[in-house]
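Notes follow the structure.
Remember, predicted model here, so these are calculated numbers, not experimental data. Computed over heavy atoms, backbone and side chain alike; hydrogens, waters and symmetry mates excluded.
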Amino acid sequence: MTLTRRNLMALAAAGIAGPLLAVAFAPARAAPGPHLHVLKDPGCTCCEDWIAVMEAAGFAVTAAELPNERLIGIKIARGLTPELASCHTAEVEGYVIEGHVPPADIRRLLAERPDAIGLTVPGMPWGSPGMGPETEREAYDVLLIRPDGGTERFAHYPAA
């Protein structure tokens, strides 16, 4: 049936024009992005800032707060050494994301699917996502963590 004014009036009289038009003109919704589950210490506010960056980038994020002792145990169990650690640990599609990793690098990891434990930004570099303005960023690397515990540079962000 062609949607003419006459047909629309007939549908309105039948009480079904509203739902049809609502469906026809509903804004397209983007599919939810990859799901990140974040484990963090309850007192860490920069983790909340990183979560906000991830949500703004389209990731679906859930978070759980754990005492620091339990969080450290999970990091060790997932293959993270103290030199690779940061303040929070996330998991996305079987990969570990440690610290303030930029969303573009997580998306690249998921697209390329390397044989790896995941990505890390060790420490908490100023200007990384959730750690202050990018315009004042200090240089940092995103490291790919291999299954044997070795690392290689996955991305580099120069000082701003």
Side-chain angles (χ1 to χ4, degrees), residues 21-160:
L21 290 174
V23 170
F25 294 104
R29 292 198 173 146
H35 177 255
L36 279 170
H37 184 63
V38 182
L39 302 174
K40 63 182 255 355
D41 185 277
C44 189
T45 58
C46 68
C47 300
E48 295 296 330
D49 294 341
W50 183 78
I51 288 170
V53 170
M54 294 300 111
E55 289 173 333
F59 287 86
V61 182
T62 56
E65 295 183 342
L66 298 174
N68 200 38
E69 302 78 36
R70 279 197 57 212
L71 190 55
I72 290 170
I74 290 170
K75 291 173 189 288
I76 292 168
R78 293 303 309 254
L80 297 167
T81 61
E83 324 52 80
L84 300 177
S86 187
C87 56
H88 57 267
T89 303
E91 185 169 301
V92 60
E93 298 183 16
Y95 288 109
V96 172
I97 306 298
E98 180 69 9
H100 295 266
V101 177
D105 295 321
I106 298 171
R107 289 193 189 285
R108 179 179 154 211
L109 174 76
L110 296 176
E112 295 178 4
R113 296 248 173 237
D115 183 23
I117 293 172
L119 297 175
T120 183
V121 172
M124 295 164 41
W126 183 251
S128 60
M131 286 299 299
E134 192 173 359
T135 57
E136 299 173 19
R137 172 181 69 215
E138 63 187 28
Y140 69 93
D141 290 328
V142 177
L143 302 176
L144 181 72
I145 309 165
R146 292 287 182 193
D148 66 1
T151 61
E152 63 185 70
R153 183 189 280 178
F154 190 77
H156 175 73
Y157 293 85

Minimum heavy-atom distance [X]-[Y], with the two atoms named:
| X | Y | answer |
| --- | --- | --- |
| H156 | A139 | CE1-CB, 4.3 Å |
| P102 | M54 | C-CE, 4.3 Å |
| A57 | P103 | CB-CB, 3.6 Å |
| V101 | W50 | O-NE1, 2.9 Å |
| L66 | P42 | O-CD, 3.2 Å |

Could you measure the distance from the [atom1] atom of [X] to the [atom2] atom of [Y]? Nearest 0.5 Å is fine.
| X | Y | atom1 | atom2 | value |
| --- | --- | --- | --- | --- |
| L80 | L71 | CG | CG | 10.0 Å |
| I106 | F154 | CD1 | CZ | 10.0 Å |
| L109 | L144 | CG | CG | 7.0 Å |
| E136 | M131 | CD | CE | 12.0 Å |
| E98 | I117 | CD | CD1 | 11.5 Å |
| E65 | L39 | CD | CG | 10.5 Å |

Under 4.5 Å between any side-chain heavy atoms of [X] and [Y], yes or no?
| X | Y | result |
| --- | --- | --- |
| H35 | T62 | yes |
| Y157 | P125 | no |
| R137 | P158 | yes |
| I51 | F59 | no |

message: Holding to side-chain contact (heavy atoms from CB on, under 4.5 Å), I want the full list of residues that pass it with E69, two or more places apart in sequence or in another chain.
response: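 For E69 the side-chain contact (heavy atoms from CB on, under 4.5 Å) partners, ignoring immediate neighbours, are P67.
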message: If you count every heavy atom of other residues, nucleotides or ligands that lies below 6.0 Å from R146 atom CZ, does the total exceed 12?
response: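 Enclosed.
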message: Angle between ring planes, H88 versus H100, binned at 30° and 60°: parallel, tilted or perpendicular?
response: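 Ring orientation, 0 to 90° scale: perpendicular.
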Test your reading of the model: is there a side-chain donor-acceptor pair from [X] to the backbone of [Y], 3.5 Å cut-off?
| X | Y | value |
| --- | --- | --- |
| K75 | S86 | yes |
| D141 | L143 | no |
| Y95 | P114 | yes |
| T151 | I145 | no |

Note: R78-E91 ion pair, threshold 4.0 Å (strictly below):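 Salt bridge between R78 and E91, a charged N being under 4.0 Å from a carboxylate O: yes.
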